[in-house]
Structures are given as structure tokens and as C-alpha cells.
Amino acid sequence: MFTRFLRGFAFAALSIFAAFSVFTALPVLPASASVLGEKVTLVFDRALPNVPGKSMKVQLVEYAPGVSSIPHTHPDSAFIYATVLEGAVRSKINDNPEQVYHAGENFFELPGDHHRVSANASDTEPARLLAVLIANTNEQNLVINEE
């Protein structure tokens, strides 16, 4: 059952990623937030018909040069798969070493992970990443910033 879920998730994530090129030419959903050079836009939100109570939520995260996110977590129900679309992103999850991911590279976050660093690795070029979350359908606050 779990293997079937993972296979389904992988297929769905790849399908969303492949379809994203279409999204870039179309207007996105109005739900977006911008804080000091970081813009997060919800571009997809759909209940998973074969996993009751779960949805796939996809966010486009855009960083201006030199900008970083506030350290944060995500809802305990959320599994995250992220792909860098443009530029390079510095990331540190939990106590793991900080890493830099370039366009085309990806990483994941498990439920409960603490995203200590998420930042544009460049002071001169923008960066964008696509974050695919599998979370409880009723989750509205997908990013929980540290105080």
C-alpha cells in the first residue's frame, strides 16, 4: 500500500513538474504572499482521489537576489518535494549540512523537518523553486515561520 502511494506520488509530482511549463504562460491562482523579496504563490491545489483527506499543493517560490526565507517548518502532515527551476538555492534542513541546489536539482523534506536555511545563493541573480506538498486537505497555512 505504501509503495503504491509513493509510486502514485512520484507520478503525480512528475506530472505536475512536466505540466508546469504550461503554468508559466498562464495566470496563477490569486493566493500569493510576498515578504521582503520572497514571493510564494500557490499554483495548484487538488485533493488526491485515491488518498482520502490528502491533497497535492504546489507552490512557486521566487527569491530576489540575496533574499532568504525566515526559518520555518511545514504542517506535520506535509511531505515536500522541491525542484529548483532557476538560479541556485541554499538549503539547510534540521542539523544536516547546508547545501546549494542549482536549476534542475531537487530535495525533499519529511513531515516535521525544520527548514533552517532557504535562500537565494546569488546576490545578483533571482532564484525560483517549485515545491510540491502532499498534506492534509484542510491545511491552509503551509509555511509556519519561526517567531
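Everything numeric here is computed off the predicted structure, so don't read it as measured data.
In this structure, OG in S91 is found 4.5 Å from CZ in F107, a value given to the nearest 0.5 Å. Remark: L129 CG to Y63 OH distance equals 6.0 Å, nearest 0.5 Å. From K54, atom NZ reaches atom NZ of K57 across 10.5 Å, with rounding to the nearest 0.5 Å.
Nearest heavy atoms, L142 versus Q59: CD1-NE2, 3.5 Å. Listed here is the closest heavy atom pair of D123 and P65: O-CB, 3.3 Å. Considering all non-hydrogen atoms of both residues, N141 and P75 come closest at O-CG, 3.4 Å. Taking both residues in full, the closest heavy atoms of A103 and L85 are given as CB-O, 3.8 Å, listed atom of the first, atom of the second, then distance. Summarising the geometry of D45 relative to S55, their closest heavy-atom pair is OD1-CB, 4.0 Å, with the distance given to 0.1 Å.
In this structure, the side chains of M56 and V132 come closer than 4.5 Å at one or more pairs of heavy atoms. Residues E86 and P126 have side chains in contact (heavy-atom distance under 4.5 Å, counting atoms from C-beta outward). Inter-residue side-chain proximity for H115 and S69 is flagged as unmet; no heavy-atom pair is nearer than 4.5 Å.
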Where do D95 and R116 land on the side chain to side chain contact (heavy atoms under 4.5 Å, CB included) test, with the steps shown first? CA-CA 8 Å; D95 293 326; R116 297 179 186 279; 3.6 Å; yes

For V61 and E38: C-alpha separation, side-chain torsions, deciding distance, then whether side chain to side chain contact (heavy atoms under 4.5 Å, CB included) applies. CA-CA 7 Å; V61 181; E38 174 196 28; 4.1 Å; yes

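Checking side-chain atoms of N120 against main-chain N and O of V67 turns up no donor-acceptor pair under 3.5 Å. H74 places no side-chain N or O within donor-acceptor distance of the main-chain N or O of D76, the cut-off being under 3.5 Å. In this structure a side-chain-to-backbone donor-acceptor pair under 3.5 Å is present from T137 to G53. Between the side chain of E139 and the backbone N or O of N136 there is no donor-acceptor pair closer than 3.5 Å. Distance alone, capped at 3.5 Å, places no donor-acceptor pair between the K92 side chain and the H114 backbone.
For the salt bridge (Lys or Arg N to Asp or Glu O under 4.0 Å) test, residues two or more places apart in sequence or in another chain that qualify with E98 are R90. With sequence neighbours excluded, the residues that form a side-chain contact (heavy atoms from CB on, under 4.5 Å) with D113 are I93, N94, E109, L110. In terms of the salt bridge (Lys or Arg N to Asp or Glu O under 4.0 Å) criterion, E125 has no residue partners (sequence neighbours excluded).
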